*Asks:* 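Pasting a structure below so you can have a look.
Bear in mind that the values here come from a model prediction, so they are computed numbers and not experimental data. One-based numbering, in listed order, for ligands and for the atoms of each.
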Amino acid sequence: MKSDSSVRNDAGALAGIVPGVNLAAEPGRMDFYERARGRHLAPLWRVLHGLVTDRPAPRCVPAIWRYAEIRPYLMEACKLISAEEAERRVMVLENPGLPGESRVTQSLFAGLQIILPGEIAPAHKHTASALRFIIEGHKAYTAVAGERTMMEPGDFVITPSMSWHDHGNEGDAPMVWLDGLDMHIVNLMCASFRESYPGKVQPLARPEGAAMAEAGHNLLPVDAKYPAQTSPLFSYPYRRTRDALDQLARFRGADPWHAYKMKYINPVSGGWAMPTMSTWMQLIPDGYKTAPYRSTDSAVFTVVEGRGSSKIGAQTFDWGPHDIFVVPSWVAHEHSAVGDAVIFVYSDRVVQEKLDFWREDKSNAA
Ligand code: 1HN
């Protein structure tokens with residue numbers, strides 16, 4: 001019999017073998033496997049239960065990036081490369097379970113982008129949609145599809161698929177934001193396009209505030225058509241979000257699993273603000289502890305205000321402002337806050353809902 005090293009019968013590959021398969025008989029099948037491989041054929045029974053798992057089996061692991069520990073690296077990057085040379089000066093948050101893959105979860109990207117006073121991140125567009133969640137700094141803007149918006153800490157800003165976007169910092173301090181992108185979902189389907197704008201910045205076609213005027217007041221211009229699935233409102237200022245949560249907490253009780261959690265919506269459809277990434281802002285009142293919860297969407301949490309801790313699976317992570325942590329799919333988690341805590345969350349829930357995959361579990365069954 002031929003050596004079977006080429007048929008990957010190592011423990012890792014066999015993790016997916018059907019339990020009924022007689023391992024003692026496998027050596028006698030190796031010659032067949034080998035010849036089949038020459039015809040680009042492979043036996044499903046050796047991999048089936050790794051392909052179709054009993055429950056979510058994320059390779060992504062619970063993790064936290066503490067801002068005080070990573071901010072110095074952003075500053076150091078500024079000394080080594082300009083925003084222009086890098087195209088985007090972003091330090092990627094790599095999930096420790098997925099090193100080298102530029103993934104914060106299996107389906108999502110996260111990075112911290114830093115732009116110094118006077119710098120410009122040149123205009124480009126791509127299939128992937130991006131969200132920005134502003135961490136620190138003032139007087140920086142992003143221009144999206146011909147309209148600028150200024151960015152302030154806590155603001156949630158959207159770059160829809162295939163819209164030109166460039167950023168600039170007109171203030172006197174560094175500007176840092178979290179970039180959340182869906183390119184791994186785009187790439188799963190091999191649907192990615194990208195183009196540079198001929199010129200550093202795109203021309204502005206509308207005054208600042210136009211999108212907010214049209215779509216930001218529970219009103220829409222009569223007869224306006226919105227063919228895209230992304231919200232036409234591309235900036236959700238923190239001032240308004242915070243106020244909404246505050247007012248809600250004055251007359252409603254906290255939800256056992258979520259405390260106060262408000263989804264960002266597309267005013268045209270009433271659905272999620274973006275077609276590929278769900279986004280929320282969550283308020284956990286001082287002293288409150290949420291009940292264990294899990295769902296099939298893996299989520300990225302960015303702390304805005306307050307301190308607290310989250311038990312994620314078996315691990316407990318303490319967090320404070322600007323810390324970023326990840327909860328993988330189907331891992332039970334619970335949060336507790338010391339002082340009112342406000343947390344921005346994004347996940348792939350909207351995609352799973354569209355595909356009828358999404359599930360949640362509030363039963364505390366592990
Ligand atoms: C991108 O275009 C931006 O436009 C940020 O600011 C991060 C990460 C991967 C690919 C494209 C931006 C990105 C990105």
*Asks:* So which protein heavy atom does atom 6 (O) of ligand 1 come closest to, and at what separation?
*Replies:* H167 NE2, 2.6 Å
*Asks:* Ring centroids only, cut at 6.0 angstrom: are F317 and F325 within range, meaning strictly under it?
*Replies:* no
*Asks:* Regarding atom 3 (C) of ligand 1: of the candidates R132, E87, H126, R194, which has the closest heavy atom?
*Replies:*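 The residue whose heavy atom sits nearest atom 3 (C) of ligand 1 is R132.
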*Asks:* Which protein non-hydrogen atom lies closest to atom 9 (C) of ligand 1, naming both residue and atom, and how far is it?
*Replies:*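 So the nearest neighbour among protein heavy atoms is M183 CE, 3.3 Å.
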*Asks:* Under 3.5 Å, sequence neighbours excluded: what are the donor-acceptor pairs made by side chains of residues 50-61?
*Replies:*
{"from": "T53", "atom 1": "OG1", "to": "R55", "atom 2": "O", "distance (Å)": "2.7"}
{"from": "R59", "atom 1": "NH1", "to": "E101", "atom 2": "OE2", "distance (Å)": "3.2"}

*Asks:* Give the atom numbers and elements of ligand 1 that come within less than 4.0 Å of a heavy atom of F109.
*Replies:*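 It comes down to these atoms of ligand 1: 8 (C).
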*Asks:* Quick one: which ligand 1 atoms are inside 4.0 Å of a heavy atom on Q113?
*Replies:* 5 (C), 6 (O), 12 (C)
*Asks:* Would you say the side-chain atoms of H258 and H335 include a donor-acceptor pair closer than 3.5 Å?
*Replies:* no
*Asks:* So, the side chain of Q202 versus the backbone of A143: is there a donor-acceptor pair under 3.5 Å, distance only?
*Replies:*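 Here the side-chain-to-backbone pair exists.
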*Asks:* Is there a polar contact between ligand 1 and R88, counting only N or O atoms under 3.5 Å apart?
*Replies:*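 Yes, since at least one N or O of R88 sits under 3.5 Å from an N or O of ligand 1.
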*Asks:* Between L181 and ligand 1, which residue portion shows a heavy-atom distance shorter than 4.0 Å: side chain, backbone, both, or neither?
*Replies:* side chain
*Asks:* Run the ring-ring contact (aromatic ring centres under 6.0 Å, His included) test against F156 and tell me which residues pass, sequence neighbours left out.
*Replies:* Y236, Y264, F344
*Asks:* Assess, by modelled atom type and distance only, whether the side chains of S309 and W319 contain a donor and an acceptor separated by less than 3.5 Å.
*Replies:*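 No, no side-chain donor-acceptor contact under 3.5 Å.
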